[in-house]
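Each chain gets a letter, A, B and so on, in the order its sequence line appears, and its residues count up from 1.
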There are 2 protein chains.
Amino acid sequence: MKSQKIPEATIIRLSVYSRYLKQLEKNGLITVSSGTIAEGVDGSPAQVRKDLAYFGEFGTRGVGYNVSDLNRYITKILGIDNKWNVIIVGAGNLGSALSQYKGFDERGFNVLALFDNDPEIVGKKAGKIPVFSAPRMTSFIKENNVEIGIIAVPAPFAQDIVDEMVGAGIKAILNFAPRVISVPDYVELRNVDLAVNMEVLTFNMTFQK
Amino acid sequence: MKSQKIPEATIIRLSVYSRYLKQLEKNGLITVSSGTIAEGVDGSPAQVRKDLAYFGEFGTRGVGYNVSDLNRYITKILGIDNKWNVIIVGAGNLGSALSQYKGFDERGFNVLALFDNDPEIVGKKAGKIPVFSAPRMTSFIKENNVEIGIIAVPAPFAQDIVDEMVGAGIKAILNFAPRVISVPDYVELRNVDLAVNMEVLTFNMTFQK
DNA sequence: CAATGTGAAGCCCTTCACAGCG
DNA sequence: CGCTGTGAAGGGCTTCACATTG
């Protein structure tokens, strides 16, 4: 293993491997080969080994990988061996649904609060998550060491909210608004674009691979 | 232009270009250069031209592209120049939120119904979208020419629902369940994996590019 | 002997640079 | 003259194939 650039595709796959390993662990499996992992995640054995090789040598030749050890290594690599504080801006349908998403909690993401402008919903709760008024966001981020922000507001407001988050010290943003967003280099940004995903489907259906 | 394999990244960008062009069109812009598009979508001019070149010659040298013509070409390419019928399975928080998502309607996706097993919510509506009982799904798909299915059920149920959808004749699936799903070659599948997206963020934060 | 770890080959996508054209 | 369209170069990710090792 030598230090080099790691493909984003590798990180995405590691995350999927991790979830699959957790399942195997629950089933009581002790050891697993790259071939078995590949089957479980619909990939190739060589790819699995290559992905892991970026970070070290985790296996035993002739045997495979220890399931729970490997999963521990991967969660460490992904940075989810401890908790992260998250807020969601936009407490409409999507924001509220995201705040209740089980998958976040299971993977160490702590949704602390929702923020919104609508006086109808400010002060209420989505499940156990409180909804605060938007102007309180900056101070909340600072006081609670919030590292990750999720954008679930309508497109026209997204950039302004992002700017405010960045100003407050947020390190990473997951954007669900259908707009191209700008952030400084030191802030991580990912876009989850629902309509774009649908359009990739329709293209492939229409174009018939 | 010659026929060849088109990168998925190109399709994703075309979808983003299209949304941006729609905005420019609304602002009354008639003509646009690859450079301006690149700025608006945070890309490069050469990339914009290359992406379009897969499908034809849409510009005028020395001038640029006609905004509304180009957008019409792109929506045609993406297969969204007409409507698509969609159902969502799982009327929990996420499924209900998706059924109300404005971005689907705006881009020609018609959400006809939700399906769920919970007798508490079957028979109700999410906004204007009715919630039907899960066993009615297959006949509904056939009777209403549903082409696209969205999976918003808990992970353990996802594969069974997908199999049923495929059996009923669905052509494309957008999967939100955190599980690796199998479909036959002729069915299009895309995964929107929320926790995976968060973990790419935490990796990048931890690893500090 | 079975399965890992890894250089090398292959392939695909992006970037470059400029010819072509309105 | 300016911007498109594109062959060629470059870079990066995946696949291959095998040497390595417990």
Exercise. Check whether the ring centres of B:Y65 and B:F58 lie less than 6.0 Å apart, and answer yes or no.
Key: no

Self-check item: Counterpart residues, side chain to side chain donor-acceptor pair (under 3.5 Å), relative to B:R179 (two or more places apart)
Solution: A:Q23

Atom pair distance, as rounded to whole Å: [atom1] in [X] and [atom2] in [N]:
| X | N | atom1 | atom2 | value |
| --- | --- | --- | --- | --- |
| B:I37 | D:dT4 | CD1 | C1' | 12 Å |
| A:L70 | C:dT4 | CG | P | 10 Å |
| B:K5 | D:dC13 | NZ | C1' | 13 Å |
| B:Y73 | D:dG5 | OH | P | 11 Å |
| B:I12 | C:dC13 | CD1 | P | 12 Å |
| A:Y65 | D:dT21 | OH | C1' | 13 Å |
| A:Q4 | D:dG12 | CD | C1' | 10 Å |
| A:Y17 | C:dT4 | OH | P | 12 Å |

Quiz item: Do the side-chain N and O atoms of A:D81 and A:T75 include a donor-acceptor pair separated by under 3.5 angstrom?
Solution: no

Quiz item: Side chains of B:T206 and B:N204: do they bring a donor and an acceptor to under 3.5 Å?
Solution: no

Exercise. Using the six-membered ring wherever Trp is involved, compare the ring planes of B:F207 and A:F55 and label them parallel, tilted or perpendicular (cut-offs 30° and 60°).
Key: perpendicular

Practice problem: Provide the full list of side-chain hydrogen bond (donor to acceptor under 3.5 Å, both in side chains) pairs with a residue in residues 99-118 of chain A, sequence neighbours left out, each pair given once. | Solution: A:S18-A:R107, A:R107-B:E199

Practice problem: Can you check each nucleotide of nucleotides 14-22 of chain C against protein heavy atoms at under 4.0 Å and return B for base, S for sugar-phosphate only, - for none, in 5' to 3' order? | Solution: SB-B--BBB

Practice problem: Using a cut-off of strictly less than 4.0 Å, decide whether A:S34 has a side-chain nitrogen or oxygen near OP1 or OP2 of C:dT4. | Solution: yes

Exercise. Return the 5'-most residue of the pair B:G59, A:I6 with respect to DNA chain D, ranking by each residue's nearest nucleotide.
Key: B:G59

